[in-house]
Amino acid sequence: MGSLLRIVGQRLALGFLTLVVVSFVIFVAVNAMPGDFAQAILGQGYTEEAGDAIRKEVGLDKPYFVRYFSWLGAALQGDFGTSFAQASFTAYAGTGTGSGLGTVAAQLAPRFENTMFLATVAATIAVPVSLVLGLLAALYRNTIFDRVVNIFTLSSISSPEFFMAYILILLLAVLNPLLPSLSNIFDGMSFADRLNRTLLPALTLTLIVTAHMMRMTRAAIINLLASPYIEMARLKGISPMRVIVVHALPNALAPIINVVALNLAYLITGVVVVEVVFVYPGIGQLFVDAVKNRDIPVVQACCLIFAGAYILLNLTADVMSILSNPRLRHPK
Amino acid sequence: MSALTTIAAIVIISTLGGWMFRFAGQKGSQNAPYFRDMPYGVAVGYVLGAIVLLWLAKTYYLGTTLEAPASNQYFFFVKAINLFVIFALVAYVFRIFGRHVGTAGTKKLFRAMPVTAAFGVMIIIAYAVTAIFAGVIAPHGQDQVFALANVVPGGDPALGGNPDFPLGTDQIGRDILSRLIYGAQNTVGIAFATTLLAFFIGASLGFLAATLGGWVDQLLSRAVDVMMAIPSLIFALLLMTIASAWAGSEKGILTLYMVVIIAVIDSTRVFRLARAVGQSIVVMDYIEAAKLRGEGLGYLVFREILPNATAPLLAEFGLRFCFVFLTIASLSFLGVGIQPPLADWGTMVRDMSQFINFAAFAPQVAVAPLLAAGAIALLTVGVNFVVDWMLHKSSGLKE
């Protein structure tokens, strides 16, 4: 048990180190941007004093590494700084709102919650459906069912997210008005209403992620079916369903858990395009807007959150596959 | 509520029908082994498939016989079925053609080819021809603006179309058909160049890491680990922000920056594969022999390792191309990818996406954005079908 804790601890430490390095990469990349922010904001009205004041307010006057560590330290405490767009507005208008609305964290918090809601709804639909489909495809492999499922999943993997999204809008919102095509979500909505408006983007994500998970589940199980103990179970005369569910599935759990975690990680980043299509108020949309406006603190914070979630889920996949595989649990 | 009753009816019919189908089959064929050993699930599957086919036939019939306002709902459905049937037939004929024409080698190749792969090969050839001869095929220029904006596709003047513009014009009066054709050249061409660049970077560094080992390998591998820890679309968006700041008002150079950025991000995946393949080749005896002969690094990488690594790298090339193509399309769709005046499918979808909302009463209007998005999807589907077939063939995974 001690060695197990040590392996997991090592993975966690490695994950944390990756996160720190990634944050540094993000910081360096963002600071490689040319031009002066204060100049860009003030434009025609640029004066030396006003520029200095803005630089001071957003902390651009300090040296490079000081800025990195103060940014990282604050970010770890949940403070992502002040959105440039908001900060410059208060500086330019001369009145501080003081209510904290301009901070990146205040902008991010509700959107983060929305994005997590969307990802959760998508995952709740996608995981069971894809596992069942994967099992069935492995059970009835090389039949017409398997081929039809194969063609459909391959097509939905290869289509761009926005194509799937518009096809779903066309079918479920325009031609048969069942669901709203715009997901305008606000505070104080009832849960059912919110779910109703989240369903279409969630379905889009589900279509894309399900295909991946289902194909990998099928491959993981079929890979196992060649092993001798499956042959043995078959020769005993057990039904094909029982062979797969009782004998193959427990051993296929490690790769399947891996696949699920990886696809959840994909979900986190796949939301960007889907949120833009459905105007869903999540982090993805905020990120794309910030990219267009070059709002550096928001871009940094969003990148860090996406990378963090991605690393965390990959780490979970790693740890789970160690825990579910005795051969990795007791390394020689 | 009616949806729920429909679903319940389908479930009941298929569970009962499955049993009846198997029973009838057993009785009708004097207990032939096929029906005797048929699992219940398969029987249900046949009945479900029959229900779906009947529903398809009924909807298609309604879509073709009803008059204009009522048939609007089925417009896309009918078009999709028509396209599907046409594509399937052409792919089938293409495969038959391939089986009887050509050298013995290609005939053998086509004999073992599934219809999906034939379909994929056909799609790739069609796109390549369109991309190469775009300037000859397209009726108008890609950035040529006409006085007639928002012409409805279909070319029927009664419905707001114009025979000069078979697929209509966009909001500022550019011919959509020409832009779609030039889009093949721009989008596919740029994606292809990006993939080539990614392979050049990734494969040469990967083989280098495999051959040299030691600190070079460690350095490159750790750098790739860090880059792969950031989701690729997010990383691409971040770098595009910076690139757009560097490019300033020169939009043309932004496309070039995008090619380099996506190539570098994607080369990490190629690096992983090339390194893994290279490492298993480096330990071979013939590499040892070449080293003892005193061959240089360049000879080792390009004359010994590369020829032995082409098969896995080729399959990877197809997959990478799809990824790059989709990433570029997504970036363009988000507004930071290929820049105007170049015609590009992702940008076209974004610009014309509002037209979809008119589908219920004027389905022709909604065709244009779907065509651009469908063009992207069709190519990636085709490439994936071919790659799937190649992987299946080379892996020897028969079960």
Side-chain angles (χ1 to χ4, degrees), chain A residues 18-19 21-22 25-26 29-30 32-35 136 139-145 148 150-151 154-155 157-163 166-167 169-170 174-178 181 222 225-226 240-241 265-266 268-270 272-273 276-277 287-288 290-292 294 299 302-303 306-307 310-311 314, chain B residues 3 39 41-42 45-46 49 72-76 114 116 225-227 229-235 237-242 244-246 248 322 325-326 329-330 333-336 346 349-350 353 356-360 363 366 369-370 373-374 376-377 379-385 388 397 399:
Chain A
T18 318
L19 198 54
V21 176
V22 164
V25 169
I26 292 172
V30 164
M33 281 179 47
L136 286 179
L139 187 64
Y140 298 127
R141 62 197 170 279
N142 297 337
T143 60
I144 298 173
F145 170 75
V148 169
N150 191 27
I151 290 177
L154 207 56
S155 312
I157 289 177
S158 14
S159 318
E161 285 102 339
F162 51 83
F163 181 60
Y166 283 126
I167 291 283
I169 288 183
L170 180 70
V174 177
L175 293 182
N176 308 295
L178 298 172
S181 67
I222 286 185
L225 290 181
M241 190 66 178
Y266 179 78
I268 299 286
T269 65
V272 175
V273 172
V276 170
V277 172
F287 182 50
V288 173
V291 163
K292 283 187 188 149
R294 289 185 217 152
V299 171
C302 290
C303 268
F306 279 123
Y310 195 68
I311 292 172
N314 277 317
Chain B
V42 174
Y46 273 116
N72 278 352
Q73 205 187 349
Y74 304 115
F75 178 81
F76 292 98
T116 49
D225 281 351
V226 168
M227 281 177 68
I230 308 174
S232 56
L233 185 64
I234 307 292
F235 202 23
L237 276 171
L238 170 70
L239 293 182
M240 283 308 288
T241 323
I242 298 151
S244 68
W246 277 102
C322 288
F325 187 59
L326 288 181
S330 297
F333 176 74
L334 295 175
V336 289
V349 177
R350 183 179 50 129
S353 60
I356 289 182
N357 296 326
F358 301 114
L370 289 176
I376 299 170
L379 179 61
T380 37
V381 169
V383 174
N384 259 323
F385 277 155
D388 203 44
L397 194 73
E399 187 154 24

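Proteins get letters first, then strands, A, B, ... in listed order; numbering begins at 1 in each.
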Could you tell me which portion of A:Phe306 (side chain, backbone, both or neither) has an atom closer than 4.5 angstrom to a non-hydrogen atom of chain B? both
Sort out for me which of B:Val336, B:Ile376, B:Ile230, B:Leu334 touches chain A most, counting heavy-atom pairs under 4.5 Å. B:Leu334
Heavy atoms only: give me the nearest A:Phe287-B:Leu238 pair and the separation to one decimal. CZ-N, 4.4 Å
Closest non-hydrogen atom pair, A:Ser158 against B:Thr380: O-OG1, 2.7 Å
Who wins among B:Leu233, B:Leu239, B:Asp388, B:Asp225 for the most heavy-atom pairs under 4.5 Å with chain A? B:Asp388
Is it true that a side-chain atom of A:Asn314 and a backbone atom of A:Tyr310 form a donor plus acceptor pair closer than 3.5 Å? yes
Can you tell me how the ring of B:Phe333 sits relative to the ring of A:Phe162, calling it parallel under 30°, perpendicular over 60° and tilted otherwise? parallel
List the atom of A:Pro160, the atom of B:Ala373, and the distance in Å for their closest heavy-atom pair. CG-O, 4.5 Å
Heavy-atom contact with chain B under 4.5 Å, split by part of A:Ser155: both
Quick check for you: to the nearest 0.5 Å, what is the distance between A:Ile311 atom CD1 and A:Thr18 atom OG1? 5.5 Å
Where does A:Val276 contact chain B at under 4.5 Å (heavy atoms): side chain, backbone, both or neither? side chain
Between B:Ser330 and chain A, which part of the residue has a heavy atom less than 4.5 Å away: side chain, backbone, both or neither? both
Can you tell me how far apart CG (B:Asn384) and OG (A:Ser159) are? Round to the nearest 0.5 Å. 9.5 Å
Contact class of B:Leu326 relative to chain A, heavy atoms under 4.5 angstrom: side chain
Contact origin within B:Phe325 toward chain A - heavy atom pairs under 4.5 Å: neither
For the interface with chain A, which of B:Ala229, B:Gly45, B:Gly49 has the highest count of heavy-atom pairs at distances below 4.5 Å? B:Ala229
Return the option, out of A:Val299, A:Ile151, A:Ile169, with the maximum number of heavy-atom pairs under 4.5 Å with chain B. A:Ile151
When only pairs under 4.5 Å are counted, which of B:Cys322, B:Gly335, B:Gly374 shares the most heavy-atom pairs with chain A? B:Gly374
Set of residues satisfying side-chain contact (heavy atoms from CB on, under 4.5 Å) with respect to A:Leu170, sequence neighbours excluded: A:Leu175, B:Phe76, B:Ile356, B:Ala359, B:Leu370
